[in-house]
Amino acid sequence: MSKTDVSFENRKGKRILGTARTAIIGNSSTESAKGTVILLHGLGGWKEQPLIVIIAETLARHGYNVFTFDASDGAKGPDADFKHSTVTGYLDDLDDVVGHVLNSEWFAPPLMLSGHSLGGMVSVRYARLHPAQISKLAIFAPVVSWKEAGLFSLLFGLWWMTRNKNSTPGPDHSKLPLDRKWLFDFMKFDSTRDAPYISAPTLIISASKDSSIVSPRAQSKLAQWFPNALHVVIPDSGHVFWKHERKLADTITQWLTSS
């Protein structure tokens with residue numbers, strides 16, 4: 001495996017930091033690769049998050065080129081304004097990242113998307129908007145829709161809208177403030193509406209201990225909206241799959257290879 005760090009500007013002039021892990025098979029780093037995976041972190045996540053690194057390195061060892069990146073307004077973005085970030089902004093970043101990857105000398109087709117939590121939701125929306133680009137989609141603990149929230153979550157959302165004092169977990173146990181405009185923008189997204197338009201084979205992996213809009217129940221319902229989806233639940237796992245990262249990475253790798 002070869003690892004290269006890159007930096008480029010998105011459409012708004014903010015820097016996106018990325019890492020390309022290219023599979024080295026024999027004497028070639030691209031010709032023999034099985035394809036290229038763009039791997040997205042979740043809200044408050046980052047490209048060097050242990051979960052993301054383990055998946056990326058496992059895929060690279062099994063013959064895939066993998067590109068990870070920090071969202072421009074994410075927890076680790078060098079020019080980030082996390083408080084005023086939006087899901088739409090993350091989707092725009094992904095569009096810019098895809099353009100960068102497709103024009104990179106190490107790119108090997110086909111192009112696949114994979115994402116954790118909010119990164120899963122963003123991946124689904126992108127796959128709907130650009131169906132010809134994405135050959136496979138693997139999402140894990142994906143956010144489904146605000147409509148899957150329970151009564152407590154809905155009341156919390158109402159409190160957030162009125163008081164505007166919410167925060168979300170970030171790196172090193174930090175708390176990152178998040179403006180209510182994020183919530184208003186988030187409510188425009190609903191993976192159950194996007195799924196029927198995605199013909200690419202799709203893998204949905206659930207953490208058994210997740211709840212609300214990331215619950216296995218919500219993700220099982222989501223799987224039924226896709227024309228071609230497999231739903232897998234990893235027992236005893238939480239949202240970031242702590243101590244289950246290898247199982248998650250192996251599940252994605254085996255599916256990509258066999259589907």
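Owing to the predicted nature of the structure, the values given are computational and were not obtained by experimental measurement.
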Tell me the closest heavy-atom pair linking [X] and [Y], and the distance in Å.
X: Ala141; Y: Val214; value: O-CG1, 3.9 Å
X: Asn228; Y: Ser199; value: CB-O, 4.4 Å
X: Ile205; Y: Ile252; value: CD1-CG1, 3.6 Å
X: Ile213; Y: Ser145; value: CG2-O, 2.9 Å
X: Gly119; Y: Tyr90; value: CA-CE2, 4.2 Å

Could you grab the distance from atom [atom1] of [X] to atom [atom2] of [Y], nearest 0.5 Å is fine?
X: Ile234; Y: His244; atom1: CD1; atom2: NE2; result: 8.0 Å
X: Leu91; Y: Tyr126; atom1: CG; atom2: OH; result: 8.5 Å
X: Thr253; Y: Tyr64; atom1: OG1; atom2: OH; result: 7.5 Å
X: Arg180; Y: Arg163; atom1: CZ; atom2: CZ; result: 11.0 Å
X: Glu9; Y: Ile16; atom1: CD; atom2: CD1; result: 10.0 Å
X: Ser237; Y: Phe140; atom1: OG; atom2: CZ; result: 12.0 Å

For Lys14, run the salt bridge (Lys or Arg N to Asp or Glu O under 4.0 Å) check against Asp79, Asp93, Asp73 and tell me which one passes.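 With Lys14 as partner, Asp79, Asp93, Asp73 yield a single salt bridge (Lys or Arg N to Asp or Glu O under 4.0 Å), made by Asp73.
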
Can you tell me how the ring of Trp182 sits relative to the ring of Phe186, calling it parallel under 30°, perpendicular over 60° and tilted otherwise?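 It falls in the parallel class, under 30°.
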
Does the plane of the ring in Phe8 sit parallel, tilted or perpendicular to the ring in Phe67? Use 30° and 60° as the thresholds.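 The rings of Phe8 and Phe67 sit tilted, inter-plane angle from 30° to 60°.
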
Under 4.0 Å between a Lys/Arg side-chain N and an Asp/Glu carboxylate O for [X] and [Y]?
X: Lys12; Y: Asp92; answer: no
X: Lys76; Y: Asp70; answer: no
X: Asp250; Y: Lys247; answer: no

Got a sec, which residues hit side chain to side chain donor-acceptor pair (under 3.5 Å) with Arg193, two or more places apart in sequence or on another chain?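 Checked Arg193 against side chain to side chain donor-acceptor pair (under 3.5 Å); zero matches.
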
Checking ring-ring contact (aromatic ring centres under 6.0 Å, His included) for the pair Phe107/His100: CA distance, chi angles, key distance, verdict? CA-CA 10 Å; Phe107 171 71; His100 175 83; over 10 Å; no

Going by side-chain contact (heavy atoms from CB on, under 4.5 Å), Phe69 matches just one of Val6, Ile38, Leu17. Which one?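 Looking at Val6, Ile38, Leu17, the match for Phe69 under the side-chain contact (heavy atoms from CB on, under 4.5 Å) is Ile38.
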
side-chain contact (heavy atoms from CB on, under 4.5 Å), paired with Leu43, selected from Leu118, Val143, Leu176, Val122: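 Option passing the side-chain contact (heavy atoms from CB on, under 4.5 Å) with Leu43: Leu118.
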
Check for me, please, whether Met1 and Val53 land in the same ILVMFWY cluster - side-chain distances under 4.5 Å, paths through other members count.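 Unlinked, Met1 and Val53 end up in two clusters.
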
Could you check whether any side-chain heavy atom of Ile134 comes within less than 4.5 Å of a side-chain heavy atom of Leu111, counting everything from C-beta outward?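 A side-chain contact exists here, since the closest heavy-atom pair is under 4.5 Å.
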
Pairs involving residues 133-152, ordered by first then second residue, that meet salt bridge (Lys or Arg N to Asp or Glu O under 4.0 Å) (sequence neighbours left out):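 Of all non-adjacent pairs touching residues 133-152, those that pass salt bridge (Lys or Arg N to Asp or Glu O under 4.0 Å) are Lys147-Asp190, Glu148-Arg217, Glu148-Lys221.
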
